[in-house]
There are 2 protein chains.
Amino acid sequence: MPGPTPTGGSRPTTLADVAARAGVAVSTVSRALSNPTRVNVRTRERVEQAARELDYTANPSARALSSGRTGAVAVLVSDVTNPFYFDIIRGSQQQLKNAGVTQLLVDTEESAEVEASLLATLQRSCDGAILTSTRLSDSRLDQLAASMNLVTINRPRRGIGSVVLDTAQGMEQAVEHLVSLGHRRIVYVSGPKGSWSNERRWRAVHRAARRLGADVVRTRDFPPRSDSGTGAADAVLNTRATACIAYNDVVAIGMLARLAERGVAVPEDLSVVGCDDIFGADFCHPPLTTVTAPVEHAGRVATSILLSGSASGGPATAGRTPGSSAVLPTHLTVRRSTGAPRAAR
Amino acid sequence: MPGPTPTGGSRPTTLADVAARAGVAVSTVSRALSNPTRVNVRTRERVEQAARELDYTANPSARALSSGRTGAVAVLVSDVTNPFYFDIIRGSQQQLKNAGVTQLLVDTEESAEVEASLLATLQRSCDGAILTSTRLSDSRLDQLAASMNLVTINRPRRGIGSVVLDTAQGMEQAVEHLVSLGHRRIVYVSGPKGSWSNERRWRAVHRAARRLGADVVRTRDFPPRSDSGTGAADAVLNTRATACIAYNDVVAIGMLARLAERGVAVPEDLSVVGCDDIFGADFCHPPLTTVTAPVEHAGRVATSILLSGSASGGPATAGRTPGSSAVLPTHLTVRRSTGAPRAAR
DNA sequence: TCAAAAGGCGCGCCCGAGGCT
DNA sequence: CAGCCTCGGGCGCGCCTTTTG
């Protein structure tokens, strides 16, 4: 017996139950509930009351099966642990709830393969997906976008909806800031390989440094985790640089811990700049100079783009909408982790 | 035409497509794919190859509709913004992925009504739910548990699976710690009304203080958000206390900011203790003395309990399993935000 | 012992019948 | 009698499960 017959004894009420109680046909109940204007007021009220009395709730699976719309949107993040995503999750959660859509939170474990295989399944169980810092190849991305609604964050691509946090701009400001303080040797602490953002940030730093006549080198790649901070700090100290710009705040905060451990004074011995302005950047010690990005806003915008695209008519419209894209400006927020270099070092 | 016919031109392949290609019946394909042992090896291989060639992926909605199992688990949090939940989300995400289950992340906005209404819908679209810090009444909880698999975190209830982070224990240690430093007047910064944890923590603090001969009062209730810190700090300063214990780290960190703003030295003028040991508690300024709770572990355990319960056979078994429960110990982690009170104040 | 056939699962949507103005 | 509003019937969605050969 397949019927889920928990405790109440009776299985969940269906449209048919409501129809019987209201004395109308199943199709009428369906219409009354989902398209109230297309039915007589009196009938509608009868139906609604019956539904209320029976505590009717539509079966989402059945609805999805016949309509093609699931009422869910997937949000893919490379690592749920990373505080950077918290704000994105939060921003999209907010928008999704307003639209009555549920959020499927998915962790891709920083792997393109995991991401791809998850999306294959997810494709059927959601109306669209928000890809944050995707590791997918261009071709895979295009292919996917053809069969489902997609919006990327920090990974623009022609024909696909996208939101970009223009951290490159903030990175330039960071370099200018450091140079104006007197720094001439700067290190960029590189993020994960294959990250579009990482390359973009590095290029911005590199370009700005060259323009301003400062030396800049790049460390090896570090995973975007707090514990990368140890290796990153050591790597930076191994150079003769007086300032460093980290791929993001998570790493930067990790570095602060290691620097304190090694007795390196920030900013006197080394200035540190982060990126993203995550939770914690303002109350760590010293408070972190960082590139402030409107992350939560990005989550909201990405969700709006996705919803406006899929609203027009379920998965059938996937790939049709040109894919609007937004670029959100960032700016440097100067706190206490940067300062003039010590004259003699 | 309802068919989702994105770009490839052809709609997603179904069991029937695979059956046709493999030259067998639909039911055979179904079995071959979901219950491989119950079918001839040669047949199975033919089917599997056909499925591979056609890039077949089952439609989760259809599967859910007929089987009753959705392959999803909901995780309800009162506020996705709260870093405390990050670790829970992370812990459960991990376990769920191992089991091939997807996570539905849901924000209840600190409201019992929102929580209840969401659960009504969710009930059909997931195989179970993890309720973190639920605000539901006992009766509502029981009622719900009768019709779906539930596991609560920090809200034990007979007959329902639960995980409790025993922060009361850590709270006692906190009081002992403060008293041993010489504090005699302590304030407990109260969390949200209706929170089981809040009451429990307060009682633990109260009891321990009385036992040790210290005075303890309680502030008004504060929402568990960082910006409550301002009001909380002011409220505490308004008393003659030399130490305070906050409902949780989020509030405590918010208080640190306000205290710095008002020029109050921590711990010289006021000792501050938090709870949970969230991300940031170790690198704020000063690093926070707090009750360390194995939050991620709690997320993992809760998920395991839920999965072991629902594994036995879909929603039909809801309410049957007695509901195992776990209590995870906590301990005080002393950092720099607590110290001896200034002799004269 | 295995595979084919058929009957749901619950809902959305299309089409057409009937009543009323 | 034409036209509109309203409702009922029926099919299809894709899969699982049971029964039958």
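Just so we're clear, the structure is a prediction, and the values are computed from it rather than from any experiment. Order of the sequence lines fixes the chain letters, A, B, ..., with proteins taken first and strands second; residue numbering starts at 1 for each chain.
- For the side chain to side chain donor-acceptor pair (under 3.5 Å) criterion with B:D138, the lone passing option out of B:Q143, B:R158, B:R155 is B:R155.
- Here B:T43 lies in heavy-atom contact (under 4.0 Å) with sugar-phosphate atoms only.
- At the heavy-atom level, B:R31 lies under 4.0 Å from base atoms of the strands shown.
- Atoms CG (A:N35) and C1' (C:dC13) sit 11 Å apart, rounded to a whole Å.
- For B:R38 and D:dT17, the CZ to C1' distance is 12 Å, given to the nearest whole Å.
- When each of B:L76, B:I130, B:L144 is checked for a side chain to side chain contact (heavy atoms under 4.5 Å, CB included) with B:L150, only B:L144 meets the rule.
- Of the residues in residues 44-65 of chain A, those lying under 4.0 Å from DNA chain C by heavy-atom distance are A:Y56, A:A58, A:N59, A:A62, A:R63, A:L65.
- A distance-only check finds a donor-acceptor pair linking the side chain of A:R135 to the backbone of A:E110 [under 3.5 Å].
- Nucleic acid contact class of B:S30 (heavy atoms, under 4.0 Å, all strands): base.
- Ion pair B:E115/B:R140 not flagged as a salt bridge, since none of the NZ, NE, NH1 or NH2 atoms sits closer than 4.0 Å to an Asp/Glu carboxylate oxygen.
- At least one donor-acceptor pair under 3.5 Å links the side chain of A:D17 to the backbone N or O of A:T14.
- One atom, CZ of B:R42, and another, C1' of C:dC2, lie 14 Å apart when rounded to the nearest Å.
- A straight line from CG of A:L33 to C1' of D:dT6 spans 17 Å, rounded to a whole angstrom.
- For the pair A:L15 CG and D:dG10 P, the interatomic distance rounds to 17 Å; values are reported in whole Å.
- Residues of residues 17-29 of chain A having a heavy atom closer than 4.0 Å to DNA chain C, listed by number: A:S27.
- Residues A:R21 and A:V18 form no side-chain contact, since every pair of their non-hydrogen atoms from C-beta on lies 4.5 Å or further apart.
- A:R69 places none of its side-chain heavy atoms less than 4.5 Å from the side chain of A:V101.
- For A:N40 and D:dG8, the CG to P distance is 11 Å, given to the nearest whole Å.
- Contact annotation: the side chain of A:T108 approaches that of A:S78 to within less than 4.5 Å [non-hydrogen atoms, C-beta and beyond].
- Across A:E53, A:R52, A:R46, A:E45, a single residue satisfies side chain to side chain donor-acceptor pair (under 3.5 Å) together with A:Q49, and that is A:E53.
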